[in-house]
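First up is the structure itself, then whatever we jot down about it.
Small disclaimer: the values here were computed from a predicted structure and weren't measured.
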Amino acid sequence: SGEAIQEVKDDIYFEDTDDNAYVKDGELHIVGRHTGDNLYSGGTVRTIDNMFFRYGYLEVAVKFGQGEGAIPAIWMCGKDFDIHPEVDLVETFGSNQYAYGNIHRWWHIIDEEGNEVGKHDCIHCFGPQLRRATARPGDGLKESYHIFGFDWTPEHMEFYMDGICYLSVDITKEYYKCFH
């Protein structure tokens with residue numbers, strides 16, 4: 001644990017404190033708290049500089065917290081590329097029923113005035129037209145643990161919920177180079 005604020009985004013402070021991320025009864029709890037007015041404190045667990053892998057299968061058991069949340073999610077972000085890849089193993093956007101797998105690309109350009117400008121390319125992002133995992137009634141994402149899996153090969157990225165693949169992305173085209 002620590003005292004320092006790791007990151008501030010909008011009105012959410014991601015802090016390294018025992019109140020925001022802790023282990024109890026063998027389970028990791030990542031907590032968001034209302035801290036006053038329009039301020040919120042959110043917990044994160046980061047593996048930056050601690051965990052890297054290319055290709056393979058990743059699986060995690062998750063039960064999302066009760067109430068409305070900002071973006072309960074598991075994000076995996078690449079490092080040291082001109083275009084930074086982001087794979088979202090699961091995002092719920094506060095839903096108790098729907099889980100989404102997303103992939104993004106991030107980069108910076110210098111505009112005509114010499115300012116660095118962040119750019120974002122949402123390749124497969126949440127939306128009604130995309131495939132999503134759906135929890136069964138009475139077995140929602142906030143009531144029960146669900147197993148989210150991610151299978152990554154040189155040919156594809158596949159997203160699973162409870163053993164069922166709900167999104168498969170062909171990553172063989174040049175456009176997806178940063179995901180290798």
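- Cluster membership for Val87 and Val62, using ILVMFWY side-chain heavy atoms within less than 4.5 angstrom, is shared.
- Only one option out of Phe179, Tyr57, Phe53 pairs with Trp152 in a ring-ring contact (aromatic ring centres under 6.0 Å, His included); it is Phe53.
- The closest side-chain heavy-atom distance from Tyr166 to Thr134 is not below 4.5 Å.
- In this structure, the separation between CG on Asp151 and CZ on Phe159 is 10.5 Å, given to the nearest 0.5 Å.
- A donor and an acceptor atom, one from each side chain of Glu143 and Asn96, are located under 3.5 Å apart.
- At a cut-off of 3.5 Å, with distance as the only test, a side-chain donor of His146 or Asp162 sits close to an acceptor on the other residue.
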### Query
Step by step, would you call Val60 with Leu89 a side chain to side chain contact (heavy atoms under 4.5 Å, CB included)?
CA-CA 9 Å; Val60 62; Leu89 176 63; 3.5 Å; yes
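- Linking Ile, Leu, Val, Met, Phe, Trp and Tyr residues whenever their side-chain heavy atoms come within less than 4.5 Å places Ile171 and Leu58 in a single cluster.
- In the model, Glu155 has no side-chain atom that pairs as donor or acceptor with a side-chain atom of Thr172 under 3.5 Å.
- One finds the NZ atom of Lys177 at 11.5 Å from the CZ atom of Arg105 (value rounded to the nearest 0.5 Å).
- Judged by distance alone, the side chain of Asp25 and the main-chain N or O of Glu27 form no donor-acceptor pair under 3.5 Å.
- Scanning all heavy atoms of the two residues, the minimum distance from Phe148 to Ala99 falls at CE2-CB, 3.6 Å.
- Between Glu91 and the options Tyr100, Tyr98, Trp75, a side chain to side chain donor-acceptor pair (under 3.5 Å) holds for only Trp75.
- Both Leu141 and Ile74 are members of a single hydrophobic cluster when ILVMFWY side chains are connected at heavy-atom separations under 4.5 Å.
- By the rule that hydrophobic residues join a cluster once side-chain heavy atoms approach within less than 4.5 Å of another member, Leu28 and Ile147 end up as members of separate clusters.
- Side-chain contact check for Lys119 versus Trp106: every heavy-atom pair is 4.5 Å or farther apart.
- At a threshold of 4.5 Å between non-hydrogen side-chain atoms, the residues Asp88 and His104 count as touching.
- Closest non-hydrogen pair, His108 versus Gly118, comes out as CD2-CA, 3.6 Å.
- When all heavy atoms are compared, the tightest approach of Pro85 to Cys178 is CG-O, 3.4 Å.
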* Go through Ile103 and Met157 one step at a time and tell me if the side chain to side chain contact (heavy atoms under 4.5 Å, CB included) criterion holds. => CA-CA 9 Å; Ile103 60 176; Met157 292 181 168; 4.0 Å; yes
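- Placement of Tyr55 and Val169 within a single hydrophobic cluster is found when ILVMFWY residues are connected by side-chain heavy-atom separations under 4.5 Å, directly or transitively.
- Within the 3.5 Å criterion, the main-chain N or O of His180 finds a donor-acceptor partner in the side chain of Arg54.
- The structure places NE2 of His29 at 5.0 Å from OH of Tyr22, a figure rounded to the nearest 0.5 Å.
- When the options Met76, Glu59, Glu158 are evaluated for a side-chain contact (heavy atoms from CB on, under 4.5 Å) with Phe150, the one that passes is Met76.
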